[in-house]
**Student:** 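Would you mind keeping the following structure in view while I ask a few things?
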Amino acid sequence: MKPKSVESFLMIAILLILTYLYLGIERGECDCGDVINVQKAGRIRDITGKCLNATAMENLARFAAKEHTKHVNCIIEFDRLVKARKQVMTSKMYYLTLEAQDGRVYEAKVLVKPWMNFKELQEFNAIDA
């Protein structure tokens with residue numbers, strides 16, 4: 001390579017790295033296995049499409065409803081997952097909007113540490129219609 005070619009190559013490489021860092025986007029895999037563009041750790045992103053309807057997401061919503069039922073004097077039966085968002089940190093925080101069989105809508109916040117096989121319901125609130 002000629003010296004100018006090396007300099008040009010290095011300049012392009014530096015610009016690409018700076019662009020990557022500035023945009024904060026990387027390729028990743030959602031829980032259902034689809035390869036998607038995701039934001040870096042710490043940011044909350046929507047879970048959509050196949051990933052929203054994945055069994056793992058529905059199981060997490062069912063877990064939230066069951067855990068809440070254990071601590072209150074009423075039974076909430078999960079019907080469907082309406083919306084889900086995920087924040088990746090050292091663990092994963094899921095923000096779930098779910099509908100119960102009685103038609104009421106709830107928001108749940110669930111902390112997951114996959115390497116410890118740990119799930120904990122942080123919040124569970126009814127959304128006033």
Side-chain angles (χ1 to χ4, degrees):
M1 271 187 170
K2 296 179 182 176
K4 282 196 171 191
S5 301
V6 173
E7 288 175 11
S8 298
F9 175 76
L10 288 175
M11 287 300 289
I12 291 170
I14 289 170
L15 287 172
L16 288 173
I17 290 169
L18 290 174
T19 302
Y20 167 79
L21 293 173
Y22 175 74
L23 293 176
I25 296 173
E26 59 189 30
R27 292 187 55 79
E29 209 173 274
C30 75
D31 294 333
C32 67
D34 282 356
V35 175
I36 54 173
N37 287 331
V38 296
Q39 295 175 334
K40 285 189 174 180
R43 297 184 186 157
I44 300 171
R45 69 169 180 88
D46 289 336
I47 299 173
T48 59
K50 279 196 316 189
C51 294
L52 178 65
N53 298 320
T55 305
M57 292 307 304
E58 288 188 358
N59 287 341
L60 200 57
R62 287 181 201 283
F63 166 80
K66 277 185 185 176
E67 284 298 301
H68 182 68
T69 299
K70 287 180 186 177
H71 301 292
V72 296
N73 194 17
C74 70
I75 296 174
I76 297 172
E77 293 186 31
F78 171 78
D79 185 40
R80 70 184 184 98
L81 185 61
V82 177
K83 181 180 176 183
R85 297 179 305 150
K86 177 168 74 171
Q87 181 179 22
V88 178
M89 304 166 292
T90 54
S91 55
K92 295 178 183 178
M93 184 69 74
Y94 289 91
Y95 301 86
L96 308 171
T97 303
L98 58 107
E99 186 175 324
Q101 288 184 353
D102 64 3
R104 293 190 68 188
V105 179
Y106 299 89
E107 286 185 338
K109 188 173 163 183
V110 180
L111 176 67
V112 177
K113 296 179 182 179
W115 67 95
M116 294 175 64
N117 198 22
F118 174 85
K119 285 187 269 189
E120 181 180 65
L121 180 64
Q122 301 283 307
E123 295 178 18
F124 195 94
N125 300 307
I127 298 175
D128 295 330

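Since this is a predicted model, take the numbers as computed values, not measurements.
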**Student:** Using a 4.5 Å cut-off on heavy atoms from C-beta on, say whether the side chain of L111 contacts that of K113.
**Tutor:**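 When only atoms from C-beta onward are counted, L111 and K113 do touch, with a gap below 4.5 Å.
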**Student:** Within 45° of the ring axis of Y95 and under 6.0 Å from its six-membered ring centre, is that where the NZ or CZ of R85 lies?
**Tutor:**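 Yes; both conditions hold, so R85 lies above the ring face of Y95.
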**Student:** Would you say V72 and I75 are hydrophobically clustered, going by side-chain heavy atoms of ILVMFWY under 4.5 Å?
**Tutor:**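 No; I75 is not reachable from V72 via cluster members.
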**Student:** Let me confirm one number: the CZ-CG distance from R80 to L98, rounded to the nearest 0.5 Å.
**Tutor:**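 R80 atom CZ to L98 atom CG measures 10.0 Å (nearest 0.5 Å).
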**Student:** What distance separates C74 SG from R104 CZ, expressed to the nearest 0.5 Å?
**Tutor:**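 Between C74 SG and R104 CZ, I get 8.0 Å after rounding to 0.5 Å.
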**Student:** Quick check: closest heavy atoms across A108 and F124, and the distance to 0.1 Å?
**Tutor:**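 Heavy-atom minimum between the residues: CB-CD1, 3.6 Å.
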**Student:** Look up atom NZ in K109 and atom CD in E120, then write down how far apart they are to the nearest 0.5 Å.
**Tutor:**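 Reported value, rounded in 0.5 Å steps: 11.0 Å.
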**Student:** Can you give me the closest heavy-atom contact between I47 and K86, atom names plus distance?
**Tutor:**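 Reported closest heavy-atom pair: CD1-CB, 3.7 Å.
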**Student:** Roughly how far apart are Q122 CD and M93 CE, rounded to 0.5 Å?
**Tutor:**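 Those atoms lie 4.5 Å apart.
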**Student:** Would you give the length of the straight line joining atom CZ of R62 to atom CE of M57, rounded to the nearest 0.5 angstrom?
**Tutor:**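 Reported to 0.5 Å precision, the distance equals 12.5 Å.
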**Student:** Search all heavy atoms of A64 against all heavy atoms of V110 and return the closest pair with its distance.
**Tutor:**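 Looking at all heavy atoms of both residues, the shortest contact is CB-CG2, 4.0 Å.
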**Student:** Hey, is CG on N117 packed in by over 12 heavy atoms from elsewhere, all under 6.0 Å?
**Tutor:**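 Atom CG in N117 is not crowded, with 12 or fewer foreign heavy atoms closer than 6.0 Å.
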**Student:** Students often mix this up, so state it plainly: with edges at 30° and 60°, are the rings of Y106 and H68 parallel, tilted or perpendicular?
**Tutor:**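 Taking H68 first and then Y106, their aromatic rings sit tilted (interplane angle of 30° to 60°).
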**Student:** Please report the closest heavy-atom contact between E107 and T97, naming both atoms and the distance.
**Tutor:**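 That would be CG-OG1, 4.0 Å.
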**Student:** If you compare all heavy atoms of T69 against all heavy atoms of I76, which two are closest, and at what distance to 0.1 Å?
**Tutor:**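 What the structure gives for the nearest pair is OG1-N, 3.3 Å.
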**Student:** Can you see which heavy atom on L121 is nearest to which on F63, and at what distance?
**Tutor:**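 Of all heavy-atom pairs spanning L121 and F63, the closest is N-CE2, 4.0 Å.
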**Student:** Could you measure the distance from the CG atom of L60 to the CZ atom of F78? Nearest 0.5 Å is fine.
**Tutor:**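 Nearest 0.5 Å value for the CG-CZ distance: 10.0 Å.
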